[in-house]
Structure formats: C-alpha cells, structure tokens
Amino acid sequence: MADGTDQKSSNQMWGGRFASGPSAIMEEINASIGFDKKLYAQDIRGSMAHATMLASKGIISPDDKDKIIEGLNTILSEIEAGTFEFSRKLEDIHMNIEARLATLIGTAAGRLHTARSRNDQVALDFRLWVKEELQKTEGMLTALIAAFLDRAEENADTVMPGFTHLQTAQPVTFGHHCMAYVEMFGRDRARVRHAIEHLDESPIGAAALAGTGYPIDRHMTAKALGFREPTRNSIDTVSDRDFALEFLSIASICATHLSRLAEEIVIWSTPQFGFIRLSDAFSTGSSIMPQKKNPDAAELVRAKTGRINGSLVALLTVMKGLPLAYSKDMQEDKEQVFDAAESLELAIAAMTGMIRDLEVRKDRMRAAAGSGYSTATDLADWLVREAGLPFRDAHHVTGNAVALAEKKGCDLADLSLEELQAIHPDITKGVFDVLSVEASVASRTSFGGTAPSEVKKQIAWWRGRN
Ligand code: ARG
C-alpha cells in the first residue's frame, strides 16, 4: 500500500523482491521511528541539499527538484505542527519522510534517492544532530564556567580548608577551589571544540558503501550543509560512529566532573560542614522531617553520571567487532546519544543554577580552615626558612608540636612561645605570623597557587578566554 500500513504488503521502499510483509516481531525489532524522528529537521535539510546538487549536476530535472523542495517544506511544517503521522511500518524517519513526499508530489519523490542510500543518509543526519548538540554543550559549559568565575572573584580571599583524603590538609581559598572546576570544565569545553572540528566532514554521497557512478558533487553538498569538506573514504563513512563515541566520551568525562562537584555540594551543605547553603530553588524538603533541606538536584546530577557512562559503554560494545561497512547494529547508536545528551544538558543546567545561587558561609569555612592543624606545613616551612633546619627535621619538630596541641586540645596558634621553644629552642615569636590561615594562604604565591593575588591572575586569564 502506498502509505505502507497494510500488514500483508511488502515494504514499498525496498519490498520489490519480497512476497509478503514482515512479522509483527520483525517490525518491532526493526523500527527506529520511535526515536529517530528526532532527526527530522536534519533529514529534510540533507535531502534538500542532495536534491539541489542532483539538479545542478543534471541528474534530476530542475522541475523535479522544485517539487521535492516544496514537498519537503510541507513535511517540515506538518511535523512541526504535530500533524504528521509517523508510521512504524515505514521503519525510520528517512522512509517516513520519503513516503509522505511520494503522497504529496508523486513520481518526482522517487528521484530523491538517486545516488544516495539510507546508510550515508543516516550517517549525515546523525552527524548533523551531534554537531548541533556539541555546539549547544559548548555554550552551556561557557555559562557554567562564567558562573564559577563570578563566585571565584567574590571569594578570592575566602579561606577554607583544603583537603586530601577528605582530611584537612592546608588552608586554601574558596575562589581557588572554584577555579579548579573552571580548569575541569574548560578542558571539557576544549574537548567539545575539538570534537566539532573532528566531525566536520560530510558523509552524503558515500551511498551504500562504495560511492556512486552518478556525477555527483560531494563538495557542493558538504558546503551547503555547513561541513568543512566531504569524508574521504566511502566505506569508512557509512561504518563510522566515532563522532557518537566521541560525544559520549566527552559527556562521560564532563559528567564525572559534575559528579565530583555534586558530591562536594552534598558534603558542604550538611549541617556538619555548613560551608554553603543551597537556594530554595535547587533544594527540596522532606515530607516527614520539617527541618530538612535536601540537595536533591546535586544528588541527581551525581546519579546522571551513571546513565551517561552507561551509554558510552553500551555504544562501545555495539561497535566492537562490527565488520565494515554498515550493519543494522548501528541503529542502536541513537538512543544512547539522545539519552546522554538530555541527561548532560540537564546536569549542566542544574549545576549552573546551583553555583549561581549558592550562599557561601565564610565564617564556617574560616573556622574549619583554622582547625585540624592546617598550618602545620607552614610551621615546618618557617623552621626551614628561619631556623635553617633540613625539611625532614622540621617535619619532625612540627609533628611534636601537633602532638602537644592535640594533647592540650588546642590549635597550633594557641600554643605558647615557651611551649614551642621547649620543642625547639630556635623558635621565636615571629612564628605566630605564619600560623594564621590568612598568612598561610597569602604565602602560596607560586604559579597556580592559592594566594589571592595568584587566584585573581588566573581569573583574569580565564576571563580573556571565553
Ligand atoms: N534506521 C537505520 C539506522 O538508524 C537507517 C539505515 C538503514 N540502512 C539499511 N541499510 N538498513 O541505522
């Protein structure tokens, strides 16, 4: 049947050698229209460029080309208006659109598929989609980086404990900690930009796998579709899904960064830490415990990482061991990418909102920074610098001071000069200048260090790079 809805008839697009239609199960496992309808705009754009090229090379008539373009425009508005009827019997977006085109314009529709196969068609549509998604991701990462740069600027002097093993290590500034995330998301954005460059080649015209004998102009279609150039090997073109794998790898690394940030937000917003308060807009209450404010958005960002990493592993596993060129296995590429893209967009948007809104509790950070002997390294460095001790000996002397403070239940800065001198006679009252967390932070002026002066330089560098 012309609309492909008759169960018994063979497929109108490829059914020439088939006596009957597919079984219901065959139809179900074969159909991708349920998810690849997302590619409608790319499919129509690709077909318009292809038809225009065919006409300009004299492969189809200008009249047929005009009919095709007009019909495709009608289909585009039908899909956008929600009036287009998608049919599972027509398998996928490519055949749904072509069948509708036949209904609209008659025989001219059959000329659109000259010098083209669904193999290069789907490679084109999907590449265009991934390219647009990467461009969107790039913009979203820029917004997240901007949110962090603002928080870093406001908090270049805000002292907090720095951790290793989640144990207090040395005082740092919250601005410096924010800038660590700027570096991470900046690398993600660089990976996105690189991936856009990488996939910027047009697949259309590779046909089924061997190219075509028609005098097509692949440079023309590449240019019309905004690609740098056409792909160089027709076999690779229809069997390659590196662009999807690259998207998923980048998404997984980015989601991993987001999950680390999410975890820190969860920890920092506990009453025990109390370093930050999340805005009401990005937290929820408990249905039973009225006092609670839960960091659900952060927890869900942390969890989305599981889905995104899962998609990467799924597609790697689909592609592993596939012989060249196209195999239907590759139809499984789209859902993984669509799902990961949706999750990543949500996660970046939620994180950007949380970072923009969060309240920094400087008093709590300052108090925590001063506890846990966080300036012990500063004492050791002072002994090296002012008393000429080798670092290893200074480390040992400092260990004794920490043990004494621990025994007395006080901080290093609360020990008296006499007590310190009993541990090492060369200690003078000048040592108290380095035992404060502010002095400790201000002294870390090495390139990339936590001193406010250095953090401000790094903020300025990033501001110049957006
Ligand atoms: N729906 C298919 C996919 O997503 C389109 C390509 C089908 N090609 C073919 N030779 N059966 O991969």
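Numbers for residues simply follow the sequence, beginning at 1. None of these values were measured; they are calculated from a predicted model.
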A.B. asks: Charged N to carboxylate O below 4.0 Å: is that the case for Arg463 and Asp150?
C.D. replies: yes
A.B. asks: In terms of side-chain geometry, is the basic nitrogen of Arg118 or Glu98 positioned less than 4.0 Å from the acidic oxygen of its partner?
C.D. replies: no
A.B. asks: Using a distance-only test with no angle check, is there a side-chain donor-acceptor pair under 3.5 angstrom linking His113 and Arg116?
C.D. replies: yes
A.B. asks: When you check the gap from the basic side-chain N to the acidic O, do Asp188 and Arg191 get nearer than 4.0 Å?
C.D. replies: yes
A.B. asks: Check Arg228 with Glu197, please: is the shortest side-chain N to carboxylate O separation under 4.0 Å?
C.D. replies: no
A.B. asks: Do Met351 and Ile348 have side chains that approach each other closer than 4.5 Å (heavy atoms only, starting at C-beta)?
C.D. replies: no
A.B. asks: Does Glu70 come within less than 4.0 Å of Lys67, counting only side-chain N to carboxylate O?
C.D. replies: no
A.B. asks: Could you check whether Arg151 pairs with Glu154 (Lys NZ or Arg NE/NH1/NH2 to Asp/Glu carboxylate O, under 4.0 Å)?
C.D. replies: yes
A.B. asks: Side chains of Ser311 and Gln336 only: does a donor on one sit below 3.5 Å from an acceptor on the other?
C.D. replies: yes
A.B. asks: Hey, are Arg127 and Asp240 close enough for a salt bridge, meaning a charged N less than 4.0 Å from a carboxylate O?
C.D. replies: yes
A.B. asks: So, Glu27 and Arg88, do they make that salt bridge, N to O below 4.0 Å?
C.D. replies: yes
A.B. asks: Keeping Gln331 on the side-chain end and Asn30 on the backbone end, is there a donor-acceptor pair under 3.5 Å?
C.D. replies: yes
A.B. asks: Could you pull out all residues at least two apart from Lys65 that satisfy side chain to side chain contact (heavy atoms under 4.5 Å, CB included)?
C.D. replies: Ala51, Thr52, Ala55, Ile60, Ile69
A.B. asks: Would Glu133 and Lys38 pass as an ion pair if we require N to O under 4.0 Å?
C.D. replies: no
